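See below for the structure under consideration.
Quick caveat, the model's predicted, so the values are computed rather than measured.
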Amino acid sequence: MLLRTIAGVSALVSCVLFACAGWAFWTLPLLFVGTYAALFLLALLFLCVVCGAVNLNKPQEEDSKFYRAVMHLYIEALIQLVRVRLHTKGLENTPKEGRFLLVCNHLFVADPGIVLHCFRKSQLAFLTKKENYKLPFIGAFMHKILCQPIDRENDRQALKSILKCIQLIKEDKVSVCAFPEGYTSKDGKVHPFRPGVFKIAQKTNVPIVVCTIQNTRDIFKNLKHFGHTDVELHLVEVIPPERYAGMNTVAVSDMVYEKMISDLGESFRYSE
């Protein structure tokens with residue numbers, strides 16, 4: 001949407017300038033390129049201003065509709081820039097009412113952006129490693145849409161983040177997405193889960209939306225050769241609360257793991 005808008009405005013401005021100035025025909029493509037570059041730089045400047053206004057030390061208690069809308073606009077543009085072709089399956093089963101916990105395997109830094117793009121109507125916030133808050137632009141948007149940083153090396157602090165996610169769901173502010181492996185998979189396999197994230201579903205009695213993602217690890221490699229990347233995102237199953245009632249977090253974790261493997265295939269199962 002953003003890139004198409006910039007291209008459309010650039011074409012219009014170029015044609016108007018060309019018609020008014022009466023320049024030679026060969027100047028038209030130069031006008032388009034120059035206008036497109038100027039508008040693209042303005043879009044980057046706007047992003048810098050918007051993110052620069054965010055105070056990460058100030059607690060954020062409400063989801064910002066403005067920052068969420070801006071974030072989705074730039075995610076869509078980025079997906080186009082890196083030449084990702086998305087193929088989705090099962091998204092029609094996304095819960096239309098009420099909150100949920102979404103879990104997915106984790107392959108690459110681009111995974112959260114892909115998930116946000118596919119579930120843009122679901123008002124997702126991520127349980128994410130605290131280091132992501134230091135990333136330019138990303139940290140600001142995460143803060144404003146109520147993502148919760150988790151210290152993976154400090155169990156007490158990690159529990160506080162999980163409790164905050166539980167609170168946000170109970171207060172009907174956001175749905176929560178977590179990557180239960182805890183880290184990006186370096187070999188493409190689905191590694192053992194950290195079952196603590198499933199406390200979020202158990203304590204809020206919400207559905208667990210099980211998803212899988214494939215091929216995001218190839219995005220930058222394909223981009224180097226000016227190729228596109230076909231990324232698959234599947235909604236495998238929505239597990240209602242009554243299905244996991246009475247189960248402990250380890251049992252829920254094992255059940256979800258098997259559902260992901262059933263969609264991805266046995267070759268994705270991790271074995272030591």
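In this structure, SG in C118 is found 5.5 Å from CG in L91, a value given to the nearest 0.5 Å. We find the CZ-CG distance between R217 and D187 to be 7.0 Å, quoted to the nearest 0.5 Å. Atoms CD1 and OG1, from I169 and T204 in turn, are 4.5 Å apart once rounded to the nearest 0.5 Å. L56 contributes atom CG, which lies 9.5 Å from atom CE of M142 (distance to the nearest 0.5 angstrom). From L116, atom CG reaches atom CD1 of I75 across 4.5 Å, with rounding to the nearest 0.5 Å. Taking NE2 from H117 and NE2 from H72, the interatomic distance works out to 9.5 Å, rounded to the nearest 0.5 Å.
Grouping the Ile, Leu, Val, Met, Phe, Trp and Tyr side chains by contacts below 4.5 angstrom, directly or via other members, places V190 with I239. Tracing side-chain contacts under 4.5 Å through hydrophobic residues (I, L, V, M, F, W, Y), one never reaches L159 starting from F179; they form parts of separate clusters.
Among residues two or more places apart in sequence or in another chain, the side chain to side chain donor-acceptor pair (under 3.5 Å) test is passed with K173 by E62, E171. The salt bridge (charged side-chain N to carboxylate O under 4.0 Å, His left out) test applied to D254 returns no partner, not counting sequence neighbours. Checked against side chain to side chain donor-acceptor pair (under 3.5 Å), E92 has no partners two or more places apart in sequence or in another chain. Considering only residues two or more places apart in sequence or on other chains, K130 meets the salt bridge (charged side-chain N to carboxylate O under 4.0 Å, His left out) condition with D151. Contacts of K129 classified as salt bridge (charged side-chain N to carboxylate O under 4.0 Å, His left out), with partners at least two apart in sequence or in another chain: none. Shown here are the ring pair (Phe, Tyr, Trp, His ring centres under 6.0 Å) partners of H191, two or more places apart in sequence or in another chain: Y270. Scored by the salt bridge (charged side-chain N to carboxylate O under 4.0 Å, His left out) test, K259 finds E237 as partners (sequence neighbours excluded). For Y133, there are no ring pair (Phe, Tyr, Trp, His ring centres under 6.0 Å) partners two or more places apart in sequence or in a different chain. Residues passing the ring pair (Phe, Tyr, Trp, His ring centres under 6.0 Å) test with Y257, sequence neighbours excluded: F193.
Inter-residue side-chain proximity for F198 and V103 is flagged as met; some heavy-atom pair is nearer than 4.5 Å. The shortest side-chain heavy-atom distance between C51 and Y67 does not fall under the 4.5 Å cut-off. Contact of the L47 side chain with the F141 side chain is registered, since non-hydrogen atoms from C-beta on lie closer than 4.5 Å. Residues Y244 and Q202 form a side-chain contact, since some pair of their non-hydrogen atoms from C-beta on lies under 4.5 Å apart. Counting only heavy atoms from C-beta outward, the side chains of C165 and L163 never approach each other to under 4.5 Å. Looking only at side-chain heavy atoms (C-beta outward), R68 and Q123 come within less than 4.5 Å of each other. Contact check for L107 versus T184: no side-chain heavy atoms found under the 4.5 Å cut-off. When side chains are defined from C-beta on, F100 counts as touching T94, because their heavy atoms get closer than 4.5 Å.
Around atom NZ of K221, no more than 12 heavy atoms belonging to other residues, nucleotides or ligands sit under 6.0 Å away.
Here the closest heavy-atom approach between residue D63 and residue I145 is recorded as OD1-CA, 3.2 Å. Here the closest non-hydrogen pair linking I213 and L264 is O-CD2, 4.4 Å. Between P207 and V238, the shortest heavy-atom distance links the atoms CB-CG1, 3.7 Å. Between G188 and F268 the shortest heavy-atom distance is O-CD2, 3.4 Å. Pairing each heavy atom of Y74 with each of A43, the nearest pair is OH-O, 2.7 Å. Nearest heavy atoms, P180 versus C104: CD-O, 3.4 Å.
Pairs passing the salt bridge (charged side-chain N to carboxylate O under 4.0 Å, His left out) check and including a residue from residues 188-200, sequence neighbours excluded, do not occur. Annotation: salt bridge (charged side-chain N to carboxylate O under 4.0 Å, His left out) contacts involving residues 99-112, sequence neighbours excluded, comprise R99-D172.
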Side chain to side chain contact (heavy atoms under 4.5 Å, CB included) assessment of C48 paired with F137 = CA-CA 7 Å; C48 291; F137 308 126; 3.8 Å; yes
Between D218 and T216, is a side-chain hydrogen bond (donor to acceptor under 3.5 Å, both in side chains) present by the stated rule, with each step listed?
-> CA-CA 5 Å; D218 296 332; T216 50; over 6 Å; no
Kindly indicate, with the supporting measurements, whether the criterion side chain to side chain contact (heavy atoms under 4.5 Å, CB included) is fulfilled by V176 and F126.
-> CA-CA 6 Å; V176 172; F126 284 80; over 6 Å; no
Stepwise, does the side chain to side chain contact (heavy atoms under 4.5 Å, CB included) test hold for I261 with E266?
-> CA-CA 6 Å; I261 294 299; E266 282 297 324; 3.6 Å; yes
Would you sort out whether T229 and N222 count as a side-chain hydrogen bond (donor to acceptor under 3.5 Å, both in side chains), showing the intermediate values?
-> CA-CA 6 Å; T229 304; N222 292 337; 2.9 Å; yes
Does the side-chain hydrogen bond (donor to acceptor under 3.5 Å, both in side chains) test come out yes or no for E181 and N105, once each step is laid out?
-> CA-CA 7 Å; E181 291 168 275; N105 62 311; 5.3 Å; no
Any chance you could lay out the side chain to side chain contact (heavy atoms under 4.5 Å, CB included) test for L124 and V115, step after step, and finish with the verdict?
-> CA-CA 9 Å; L124 286 177; V115 172; 3.8 Å; yes
Where do K134 and E131 land on the salt bridge (Lys or Arg N to Asp or Glu O under 4.0 Å) test, with the steps shown first?
-> CA-CA 6 Å; K134 298 178 182 179; E131 292 82 1; over 6 Å; no
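With F46 as the fixed residue, the side-chain contact (heavy atoms from CB on, under 4.5 Å) test singles out one of L44, V50, L42: V50.
Put simply, the side chain of R120 never gets that close to the backbone of A69: no donor and acceptor are under 3.5 Å apart. Judged by distance alone, the side chain of S253 and the main-chain N or O of T249 form no donor-acceptor pair under 3.5 Å. Side chain of S161 to backbone of P149: a donor-acceptor contact under 3.5 angstrom is found. The main-chain N or O of K58 is found under 3.5 Å from a side-chain atom of H143 such that the two form a donor-acceptor pair.
Judged by distance alone, the side chains of H87 and D230 do bring a donor and an acceptor atom under 3.5 Å apart.
Here F220 and F108 bring their ring centres to under 6.0 angstrom of each other.
The other residues sharing a hydrophobic cluster with L146 are L168, V174, where clustering joins ILVMFWY side chains under 4.5 Å apart.
Note on R85 versus E232: no salt bridge recorded, every NZ/NE/NH1/NH2 to OD/OE distance being 4.0 Å or above.
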